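Here is the naming used below: chain letters follow the sequence lines, and residue numbers restart at 1 for every chain. Keep in mind that this is a model prediction, so the values were computed, not measured.
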Amino acid sequence: MAFRQKQYYEQVYHVTEQIPVGRISTYGAIADYLALGSARMVGYALSQSNANDMPVPAHRVVNRKGELSGRHHFKPPAAMQEMLESEGVKVEDHQVVDFKELFWHPEALDE
DNA sequence: GACCTGACGCCCC
DNA sequence: AGGGGCGCCAGGT
């Protein structure tokens, strides 16, 4: 239902927005937390958010390997890395350094 | 209206 | 351990 879709997008934006500065999350983690759709849908939702000029820190969301898979979707592809580095997240070869330690679990919202 | 692709991830071989 | 395939849902062609 379109109803559910809107809710899904809204939830994705909400969760993404809760990612603390200097921390990052993954598509899979968000999808798992929402228990809806799939990681792919999360990325899709985020792409829409960027197009809508939403205040969603999509740059803090990477794939499960810690790679900036979505960098190519930013206005300047390098913007994603720059923003992350600006927040204290080190990026090396399009990959987040110590990604595992910087990883933020959406599950933290429940607690 | 059908087919393909897309910010991914897991299961199977 | 590495590679390939399928699932996910929606949107564009």
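- By the salt bridge (charged side-chain N to carboxylate O under 4.0 Å, His left out) test, Glu87(A) is found to be paired with Arg60(A), residues two or more places apart in sequence or in another chain being considered.
- A 4.5 Å side-chain heavy-atom check between Ser69(A) and Val62(A) finds every atom pair outside the cut-off.
- The one candidate from Val61(A), Val56(A), Leu46(A) that meets the side chain to side chain contact (heavy atoms under 4.5 Å, CB included) condition with Val12(A) is Leu46(A).
- Spacing between atom CD1 of Ile30(A) and atom C1' of dC9(C) amounts to 16 Å, rounded to whole angstrom units.
- Distance, Tyr9(A) OH to dC9(C) P: 12 Å, rounded to whole Å.
- If you measure from atom CG of Leu34(A) to atom C1' of dC8(C), you get 14 Å, rounded to the nearest angstrom.
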Would you give me the side-chain donor-acceptor pairs under 3.5 Å for residues 96-108 of chain A, sequence neighbours excluded?
none

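- In this entry the distance linking OH of Tyr44(A) with C1' of dC8(C) reads 13 Å, nearest Å.
- The shortest distance between side-chain heavy atoms of Leu36(A) and Gln11(A) falls below 4.5 Å.
- Comparing dC8(C) with dG1(B), their P atoms are spaced 23 Å from each other, to the whole Å.
- Atom OH of Tyr27(A) sits about 12.0 Å away from atom CZ of Arg40(A), to the nearest 0.5 Å.
- The distance from atom CD of Gln48(A) to atom C1' of dC9(C) is 12 Å, rounded to the nearest whole Å.
- As a whole-Å value, the separation of Leu46(A) CG from dC9(C) P is 17 Å.
- Rounded to whole Å, atom P of dC8(B) lies 11 Å from atom CZ of Arg71(A).
- Straight-line distance between the P atoms of dG5(C) and dC4(B): roughly 15 Å, to the nearest whole Å.
- Remark: C1' of dC8(B) and CG of Asp32(A) are 13 Å apart, rounded to the nearest angstrom.
- Once rounded to the nearest 0.5 Å, the distance linking NE2 of His59(A) with CD1 of Ile24(A) reads 10.5 Å.
- Across all strands shown, Ala45(A) has no heavy atoms under 4.0 Å from either base or sugar-phosphate atoms.
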Check the interface with nucleotides 9-13 of chain B: list each N/O to N/O pair with the protein under 3.5 Å, or write none.
{"from": "dG9(B)", "atom 1": "OP1", "to": "Gly28(A)", "atom 2": "N", "distance (Å)": "3.2"}
{"from": "dG9(B)", "atom 1": "OP1", "to": "Arg64(A)", "atom 2": "N", "distance (Å)": "2.9"}
{"from": "dG9(B)", "atom 1": "OP2", "to": "Arg64(A)", "atom 2": "N", "distance (Å)": "2.8"}

